[in-house]
**Q** 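Handing you this structure, nothing more for now.
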Amino acid sequence: MNKAAPGSLLGIEHLEASEILRLLALARRMNPRKPRPLLRGKRVLLLFYEASTRTRSSFEIAAKSMGAMTTLVLSSGSSIEKGESLLDTGYTLQAVGADVMVIRHPNAGAPLLMATHLDIPVINAGDGMHEHPTQALLDAYTILRHRKTLKSLQMAIVGDIYHSRVARSAIHLLSKFGARITLCGPSEFLPEVATSLAPGLHITRTVEEAVRGADAIMVLRVQKERLAGTKLRLQDYISRYQMTMARMKLAKRDAILMHPGPIIRGLELTWEVADCPQSVIVEEVHNGVPVRMAVLAKALGKAR
Ligand code: ASP
């Protein structure tokens with residue numbers, strides 16, 4: 001298999017801790033409010049086979065605030081609808097002059113396939129149940145604005161972990177820095193081999209146990225159609241796993257409440273929790289821009 005072009009970001013799993021720290025340090029120097037022409041003349045291709053609000057818009061704003069041009073290709077309205085293969089779409093977009101490709105795809109491994117066949121760097125914007133590396137980076141960036149270090153951070157992740165690329169990337173990242181992570185959700189939503197994912201990973205069945213003493217709580221979106229595949233009724237899920245203010249109080253007093261979005265108020269968390277002072281949900285979105293600026297700058301060899 002060919003190697004991915006330098007600067008590609010396909011996942012967190014195979015990144016060195018030092019590379020992660022370098023990207024976070026670069027992100028801290030990025031300011032979308034003070035545009036820099038670092039990527040002037042560069043073409044950023046955003047190829048989205050799945051819905052996206054935060055990731056897509058923040059990649060676009062990140063690219064534009066560094067002077068790059070962006071082109072958005074969605075699966076609907078493109079030749080993908082006519083049956084064009086993933087790689088043929090990739091070759092086409094490379095041929096029109098893309099300098100870097102940002103791709104979201106429902107299948108795990110789609111960005112890797114692109115990266116090993118194209119000559120341009122490829123950035124994974126979420127692939128199936130596999131990884132969402134820029135989300136993990138922005139989550140780490142956000143945590144580090146509230147905590148000095150990730151080492152010994154006590155993190156609770158609650159919800160549909162099994163299907164979540166966000167959880168997978170976060171677990172890879174946080175465990176590289178010695179965080180202690182507790183997963184909690186119905187058994188159908190927990191990875192079968194969770195403990196092989198990372199050392200320092202624990203599973204609890206009650207949300208109270210998971211959040212007790214936590215520094216950070218990450219709540220994940222629950223899709224009703226997936227819940228229908230479990231033994232739980234919606235109301236049971238809500239009473240057992242929904243993040244409420246009472247449950248939040250079991251965490252450290254200054255614990256932060258995270259969620260990658262989109263949030264479903266009244267399901268995985270209450271309205272009150274979503275808007276409480278400890279909630280950093282909006283801050284995560286905000287931090288996505290400088291983090292994606294750093295990732296794009298690195299991809300295009302401008303990470304100075
Ligand atoms: N926005 C995140 C993702 O694309 C989380 C989610 O959709 O639940 O993976």
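As a basis for the values below, the full set of heavy atoms in this structure was taken, side chains included, without hydrogen atoms, waters or symmetry mates. Counting starts at 1 for both ligands and their atoms, in listed order.
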**Q** Any side-chain heavy atom of Val100 sitting closer than 4.5 Å to one from Ile120?
**A**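 Contact flag for Val100/Ile120 side chains = no.
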**Q** Consider only side-chain N and O atoms of Glu84 and Thr89, and report whether a donor and an acceptor are under 3.5 Å apart.
**A**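 Present: a donor and an acceptor within the cut-off.
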**Q** Have Glu283 and His146 got a donor and an acceptor in their side chains that come within less than 3.5 Å?
**A**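 Judged by distance alone, the side chains do pair up.
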**Q** Going by atom type alone, with no hydrogens or angles, which donor-acceptor pairs under 3.5 Å involve a side-chain atom of residues 35-53 and a protein atom two or more places apart or on another chain?
**A**
from	atom 1	to	atom 2	distance (Å)
Arg43	NH1	Gly97	O	3.3
Glu50	OE1	Arg165	NH1	3.3
Glu50	OE1	Arg165	NH2	2.9
Ser52	OG	Arg56	N	3.0

**Q** Taking side-chain contact (heavy atoms from CB on, under 4.5 Å) as the test, write out the residues that go with Arg265, two or more places apart.
**A**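 Ile263, Trp271, Ala274, Asp275.
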**Q** Taking ring-ring contact (aromatic ring centres under 6.0 Å, His included) as the test, write out the residues that go with Phe59, two or more places apart.
**A**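 None.
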**Q** Under a strict 4.0 Å criterion on non-hydrogen atoms, which protein residues are in contact with ligand 1?
**A**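 Its neighbours under 4.0 Å (heavy atoms only) are Arg104, His132, Arg165, Val166, Arg221, Gly261, Pro262, given by chain and number.
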